[in-house]
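One-based numbering along the sequence shown. Just follow the structure's listing: the first ligand is 1, and inside any ligand the first atom is 1.
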Amino acid sequence: MKKLTNRFKGPTALAALAGVAAAAVVLSVAELIGAFFTARATPLIALGSTFIDFTPPWLKDFAIATFGTNDKAALFGGMGLTILLLACLLGVAAYRKWALGVAGVLLMGTVIVASVVTRASVKPADAIPSLIGTVAGLVVLRLLVTRLWRMSSWPAVASDVAAKGAERPATTRRAFFATTGITAGAAAIAATGGRLLSAARSNVARARESLQLPSPAKAAPAVPAGVQSATPGVTPWVTPNNQFYRIDTALSVPEIKAQDWELRVHGLVEQEVTLTFQDLLDAELVESHVTLTCVSNPVGGNLAGNAKWLGLPIREVLKMARPKDGADMVLSTSEDGFSASTPLEVLQDDRDAMLAIGMNGESLPLEHGYPVRMVVPGLYGFVSATKWVVDLEVTRFADSKAYWTDRGWSERGPIKTMARVEVPKSFAQVPAGKVAVGGTAWAQTRGITKVEVQIDNGPWTEAVLSTEASLVTWRQWSFEWDATPGPHYIKARATDGTGEVQTDKRADPVPDGASGWQSVMVTVQ
Ligand SMILES: Nc1nc2c(c(=O)[nH]1)N[C@H]1C(S)=C(S)[C@@H](COP(=O)(O)O)O[C@H]1N2
Ligand SMILES: [Mo]
């Protein structure tokens, strides 16, 4: 029994450690060298992105519902754990049979290289860091495993291990830990250095700061007084850039220099058009407030934001390209390979769908699509709001599929009417008497004409609507509630400009947006 414990506990744990060190070397060496290549092609980012691409809709939905805009941190956490476990197995396998170790490292290298080279807009040379990392990992694994074999204190495990260790000088446990420790330390330094170096080498953020936006040919209509809900604590009507929700598949934000940016407009068009950033600066830009909404937003969720956008109406670009008969969709693609299918007529009508370069008076923040993104009033972001947009293909819904359509989501995504209760918050404790209730409602392009509130199973009562700024922005509301002690439920529902009352039918975000009435439980004291 003693023998068995020794055999499996001692060397196995150390072998696992060796595996972890080797995997750390693969990733950190590749990360460090990767600083000189495309950021998106460093192994951790590429692996994570590949994982996202294969994420089924239910899991994406779960991740966003559970972690919200922290979904990326959660992804990296999960990925780290998985790699850790596999690395332990790798070490143990290599210790038992070296050929298995070689196979394991090569498999790891292959998976990384495959995920690197299948990213959009990466060059074959971007595989170099991962290849070097793989070789380095293999060398380190061999080094550490050899030390383990040479440790005389283990009873022979298998005959070939014994044979290998027999005639060599013995290594001590301490020497093994020292080597592993140095390796792990070096890996940590290399990985951190790689990240810092990537950041230092990127000057897109600085270029963005110094970019001067032109003034619009058509300024945004002045925001009328009284758009803000009278209830304190309701979301600001204009969402500041640093509070604007961020949802995308980009683990590393694409860094596109404005002077390198080009948009190709092609497909079913009479005339292919290529636009440069300078073309946009020189064009007649328009400015308008538009509320963006994510299809993954659960009832009562906060994946919606309202900003003042500056850009060129896509209508004008399409006029130059002249779509052919039969075209009914524009497939917009980002530099990192995301794509969205937007109905052609939506981009041609007077709602001012735009190629935006400005957000609330600044250049687009990098994570919101710098230098150019699409903003399309009335449609969820996944079918319209392509950030880092570089390609518009005029095509047909029957011929092309967008990124999320291929992953179980709808090919079209008009925004559903939604009322949100923001004050009081769920599970709040409030004093009896007059309680200010308030929130935000939206039904972009149709507008909000009524919000009603229901307490428990009482009558639906009209809330006070704040001033309407336009049909493409959200509208806030407030409601004075005479609260009596005890637990209560506050529900809200909106009516849109067509007269349709928000449905109480519950739907999940997949495939075309959540619906249902939000119900907020509060305790009145
Ligand atoms: N390139 C790119 N653009 C994208 C996405 C993406 O994953 N990649 N996500 C879309 C989705 S689902 C939404 S809801 C909006 C969110 O825009 P925001 O992050 O600026 O709020 O961007 C859209 N544009
Ligand atoms: Mo979204």
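Of all protein heavy atoms, the one lying nearest to atom 24 (N) of ligand 1 is Ala385 O, 3.0 Å. For atom 9 (N) of ligand 1, the closest non-hydrogen atom on the protein side is Ile247 O, 3.3 Å. Protein heavy atom closest to atom 13 (C) of ligand 1, with residue, atom name and distance, is Gly381 CA, 3.7 Å.
Per-residue contacts place Asp336 under 4.0 angstrom from the following atoms of ligand 1 (heavy atoms of the residue considered): 1 (N). Atom numbering of ligand 1 starts at 1 in the shown order; those under 4.0 Å from a heavy atom of Cys294 are 14 (S). Every atom of ligand 1 is numbered from 1 in the order shown, and the set under 4.0 Å from a heavy atom of Thr386 is 3 (N), 24 (N). Close contacts between ligand 1 and Phe244 involve ligand atoms 21 (O) [criterion: under 4.0 Å to a heavy atom]. For ligand 1, the atoms lying closer than 4.0 Å to a non-hydrogen atom of Ser334 are 1 (N).
A salt bridge is defined here as a Lys NZ or Arg NE, NH1 or NH2 lying under 4.0 Å from an Asp or Glu carboxylate O, and Asp496 with Lys450 fails to meet this definition. Look at Arg119 and Asp336 and you find no salt bridge, because none of the NZ, NE, NH1 or NH2 atoms lies under 4.0 Å from a carboxylate O. The pair Glu209-Arg206 does not count as a salt bridge, with every side-chain nitrogen at least 4.0 angstrom from each carboxylate oxygen. Glu367 and Arg246 are not joined by a salt bridge, as no carboxylate oxygen comes within less than 4.0 angstrom of a charged side-chain nitrogen. Note on Asp352 versus Lys218: salt bridge recorded, some NZ/NE/NH1/NH2 to OD/OE distance being below 4.0 Å. Using a 4.0 Å cut-off between a side-chain N of Lys or Arg and a carboxylate O of Asp or Glu, Asp248 and Arg373 do not qualify as a salt bridge. With respect to the salt-bridge test (charged N to carboxylate O, under 4.0 angstrom), the residues Glu362 and Arg208 qualify.
Polar contact with ligand 1: absent for Ala250 (N/O pair, distance under 3.5 Å). Of the N or O atoms in Trp404, none lie within a sub-3.5 Å distance of an N or O in ligand 1. Considering backbone and side-chain N/O atoms, Lys387 comes within less than 3.5 Å of an N/O atom of ligand 1. By the 3.5 Å distance cut-off applied to N or O atoms, Tyr245 is counted among the residues near ligand 1. Distances between N or O atoms of Thr249 and those of ligand 1 include at least one value under 3.5 Å.
The two residues Asp512 and Arg412 make their nearest non-hydrogen contact at CB-O, 4.3 Å.
Residue contacts with ligand 1: Arg373 is included, with a non-hydrogen atom under 4.0 Å away.
Among Tyr380, Phe338, Phe382, the residue whose heavy atom lies nearest to atom 2 (C) of ligand 1 is Phe338.
Note: Tyr370 and Phe277 have tilted aromatic rings, judged against thresholds of 30 and 60 degrees for the angle between ring planes. Taking the six-membered ring where the residue is Trp, His368 and Phe244 present perpendicular rings, their angle passing 60° and hence far from 30°.
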